[in-house]
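Computed from heavy atoms alone, side chains included, the values below leave out hydrogens, waters and symmetry copies. Source: prediction; values computed, not measured. Chain naming here is simple, since letters A, B, ... match the order of the sequence lines and numbering starts at 1 in each.
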Amino acid sequence: MAIKVFINGRPEDAEAPTTLPELLASVKIRPEVATLAVNKVIVRRDDIDGVALDDGDEVEIMLHLAGGSE
Amino acid sequence: MSDRVRITHALLEQLHAQANADAPLETCGILAGTDGEVSALYPVRNAAASATYYSIDPAEQFATYTTIRESGAEVIGVYHSHPASPARPSATDIADAHDPEALYLIISLLGEPTVRAWRIAEGVTDEVTIEPTEG
């Protein structure tokens, strides 16, 4: 069944059942370099594998921001 | 993605002021706008509190992203300062850059304060020309 999820505010088509790891793989993002939120709640790293996505879910993928002068 | 970015003189001055205020530590923040234009700066805390490194706390990053989206703008990149080195990406900046679409803006306080903008993808840096505008 086709569902629509919102990734960083933009609608994307997905095929249910879809999990958060599958969604990340589809956009080629490694979970270890991102903080993730689903429906405005941050998902703990240890919980990512168990998150299933439903139609209309809002997923925020925030790539880690860091760096430095040395 | 644009190879140029417009930013007002007022925002450039704001960047210099923030970098100077936080020196000798590195300062940092989130850039809002559209591809090709910075419309607002969102200063955030340097969770590393370091003179040579910055990191943004994920919860503060999430809150800032939410604020930007609710304002109707887009998150377009990140900025940070190099208090004692040039405004070009260091090896650390390159290694820690995970978003090839993001604009990485660096403020240097070495000598005459300067701001330069970059994209960083797969270890390769490309400078983005800054076009200062009135305002």
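When the side chains of ILVMFWY residues are joined at heavy-atom separations under 4.5 Å, either directly or via intervening members, B/Ile7 and B/Val128 end up in a single hydrophobic cluster. Hydrophobic cluster membership is shared by A/Ile7 and A/Leu36, with clusters built from Ile, Leu, Val, Met, Phe, Trp and Tyr side chains linked at under 4.5 angstrom. No continuous path of ILVMFWY side-chain contacts below 4.5 Å connects B/Val75 to A/Leu63, so the two sit in separate hydrophobic clusters. Hydrophobic clustering of Ile, Leu, Val, Met, Phe, Trp and Tyr side chains at less than 4.5 Å, counting indirect connections, keeps A/Val5 apart from A/Val41.
Applying the side chain to side chain contact (heavy atoms under 4.5 Å, CB included) rule to B/Ala95 yields no partners; only residues at least two apart in sequence or on another chain are considered. Under the rule for a salt bridge (Lys or Arg N to Asp or Glu O under 4.0 Å), the partners of A/Asp13 that lie at least two apart in sequence or sit in another chain are A/Lys4. Every residue meeting the side chain to side chain contact (heavy atoms under 4.5 Å, CB included) condition with A/Val51, not counting sequence neighbours, appears here in chain and number order: A/Leu20, A/Val38, A/Val43, A/Leu53.
We find the CD1-CE distance between B/Ile30 and A/Met62 to be 10.5 Å, quoted to the nearest 0.5 Å.
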To see if you've got the definition right, give the donor-acceptor pairs under 3.5 angstrom between chain A and chain B.
residue, atom, partner, partner atom, Å
A/Glu60, OE1, B/Arg69, NH1, 3.0
A/Glu60, OE2, B/Arg69, NH1, 2.1
A/Glu60, OE2, B/Arg69, NH2, 3.3
A/Leu63, O, B/Gln61, NE2, 2.9
A/Leu65, O, B/Ile56, N, 3.1
A/Ala66, O, B/Tyr54, OH, 3.3
A/Gly67, N, B/Tyr54, O, 3.0
A/Gly67, O, B/Tyr54, N, 2.8
A/Gly68, N, B/Asp93, OD1, 2.7
A/Gly68, O, B/Ser90, OG, 2.2
A/Ser69, N, B/Glu26, OE2, 2.8
A/Ser69, N, B/Thr52, O, 3.1
A/Ser69, OG, B/Glu26, OE2, 2.8
A/Glu70, O, B/Thr92, OG1, 2.1

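Of the atoms belonging to B/Ala102, not a single heavy atom falls under 4.5 Å from chain A.
The candidate with the highest count of non-hydrogen atom pairs below 4.5 Å against chain B, out of A/Ala37, A/Gly68, A/Ala34, is A/Gly68.
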